[in-house]
J.: 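One structure follows; several queries about it will come next.
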There are 2 protein chains.
Amino acid sequence: MKKISDSTISRLSKYYRTLGRLIAQKVKTVSSDEIAEIDGVTSAQVRKDLSFFGTFGKRGLGYSTADLQHNIGKILGLFKKWNVALVGVGNIGHALVDYQEFKKQGFEIKLLLDNDENKIGTKVGDLEIKSFSDAPTHLEDEKIQIAIVAVPANVAQKVVNSLTDAGVRAILNFAPLSLKVPDGVMIKNENMSIELEALSYFLTNRRK
Amino acid sequence: MKKISDSTISRLSKYYRTLGRLIAQKVKTVSSDEIAEIDGVTSAQVRKDLSFFGTFGKRGLGYSTADLQHNIGKILGLFKKWNVALVGVGNIGHALVDYQEFKKQGFEIKLLLDNDENKIGTKVGDLEIKSFSDAPTHLEDEKIQIAIVAVPANVAQKVVNSLTDAGVRAILNFAPLSLKVPDGVMIKNENMSIELEALSYFLTNRRK
DNA sequence: AATTGTGAACCTCTTCACAGCT
DNA sequence: AGCTGTGAAGAGGTTCACAATT
């Protein structure tokens, strides 16, 4: 399989959601130009992104919203159910457990791990917090494929090492630092400070 | 001022944090190669990123951790205090209020806005939730420069329009869709679903 | 000897522009 | 006539490689 750029993949996610809204509005057909306008990109970009995976439109007519959404969903693997573990049940962790958007997209949090004795055994929603020291067993029992890491920066690398040793191949990291993972493991970072600092830069340096 | 790419700015944020940790470890001097290794980039990239803003190192010796961190902080505008409003005090909003990382970096949440009658007037930490219908007044009173938008997708564009009309020039958006802002306004998106879907794509399509 | 700062080469991603379908 | 799909051109970002400096 040809290497597809990260930006193409994240734009496909956007198109997917845009198509979802169009379908909810009973729109049956859409052009690359309309998708582009909604998502703030060019129409050539939309067509090029799709062209890496096949031909989904009809010349002269555009795309069927339902078909295109389905096709992008298949490309992204969104019709599978993904079992997710959340490591670190602090502020952010709590919010993520309650965040309904994930479950809608097939990402189900099935395991909560923490190393705080006071939290272990307590429940968040339906889920009991388990001890991180037993991570390998729990990860296997729940057939976890994706881990969300929301632990303090100073332990994040250790946590990620344990997870990859236990066979986790996909990680979403909320700790604000760069982490190393072995080949064959993908890690994505969610770092709000970086975005805020980009805003700070913008406000500081605009005009002139 | 020459246009600097978003990726350069976000790497500068990373270097800034990396330098912070090195300083905490009493490291006085660092080479571009060491920074690069920690942050998973090339040393040429580190030097090139810095070169857009000046010359901060000593040939043969490397960089003073303290000086370089200070200089990057100045570039990013991190020594200013930024007054931040949080719009939409739901799950994510709550987590953000409690998230200490922001305040450490000079981003202080000074205003909470919501349109839910049951929430208005209640407190989160020290802050009372105010009505979004009075946003312009509150934004001005608190001298808000940055707004974090954590409202449902279907009202996000309306909220952003009100904010920009009221003079807000920098927005961090958590709603999972693309929003339009006028020229001169910067909006950054924090969209966890996109990152998760990239992981889904990776798990679905790896190995041929 | 070590490491920076940077022009030039390289590579990747985006946009153009148009042939080809419907 | 309208819109897709795509090769080619263009723009932008990254890496190379080396002169300059400590």
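Naming: A, B, ... by sequence-line order, numbering from 1 per chain.
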J.: Are B:K14 and B:D39 within salt-bridge range, i.e. N to O under 4.0 Å?
T.: no
J.: Going by modelled atom types, is there a donor-acceptor pair between the base of D:dT4 and the side chain of A:R59 at under 3.5 Å?
T.: yes
J.: So if I take every side-chain heavy atom of B:S31 and compare against D:dT6, D:dT15, C:dT3, which nucleotide ends up nearest?
T.: C:dT3
J.: Calculate the interatomic distance between A:L68 atom CG and D:dC3 atom C1'; express it in whole Å.
T.: 14 Å
J.: Nearest-Å distance, NZ (A:K48) to P (D:dG10)?
T.: 15 Å
J.: Under 4.0 Å between a side-chain N/O of B:Y63 and OP1 or OP2 of D:dT22, yes or no?
T.: no
J.: Between atom CZ in A:R47 and atom C1' in C:dA19, what is the gap in whole Å?
T.: 13 Å
J.: Quick one: B:I9 CD1 to D:dT14 P, roughly how many Å, whole number?
T.: 12 Å
J.: Quick one: which of D:dA17, D:dT4, C:dT15 gets closest to the side chain of B:A44?
T.: D:dA17
J.: Send over the distance from B:D67 CG to C:dT4 C1', rounded to a whole Å.
T.: 15 Å
J.: Are any of A:S32's side-chain N or O atoms less than 4.0 Å away from OP1 or OP2 of D:dT4?
T.: yes
J.: With a cut-off of less than 4.0 Å, is there a side-chain N or O of B:Q45 near OP1 or OP2 of D:dG13?
T.: no
J.: For C:dC13, does either OP1 or OP2 sit under 4.0 Å from a side-chain N or O belonging to A:R11?
T.: no
J.: Are A:E142 and A:K130 close enough for a salt bridge, meaning some N to O gap below 4.0 Å?
T.: no
J.: Round to the nearest Å and state the distance from B:D49 atom CG to C:dT6 atom C1'.
T.: 13 Å
J.: In whole angstrom, give the distance that lies between atom CG of A:D33 and atom C1' of C:dT15.
T.: 14 Å
J.: If you assign A:G60 and A:D6 each to the DNA chain C nucleotide with the nearest heavy atom, which residue ends up on the more 5' nucleotide?
T.: A:D6
J.: Report yes if at least one side-chain N or O of A:S51 is closer than 4.0 Å to OP1 or OP2 of D:dG5; otherwise report no.
T.: no
J.: Of all the heavy-atom pairs spanning A:S43 and A:D33, show the shortest one and how long it is.
T.: CB-OD1, 3.5 Å
J.: Rounded to the nearest angstrom, tell me the gap between atom CG in B:L61 and atom C1' in D:dT21.
T.: 9 Å
J.: Give the ring-plane orientation class for B:F79 versus B:H70, where under 30° counts as parallel, over 60° as perpendicular and anything between as tilted.
T.: parallel
J.: Does A:K188 pair with A:D6 as a salt bridge, N-O distance under 4.0 Å?
T.: yes
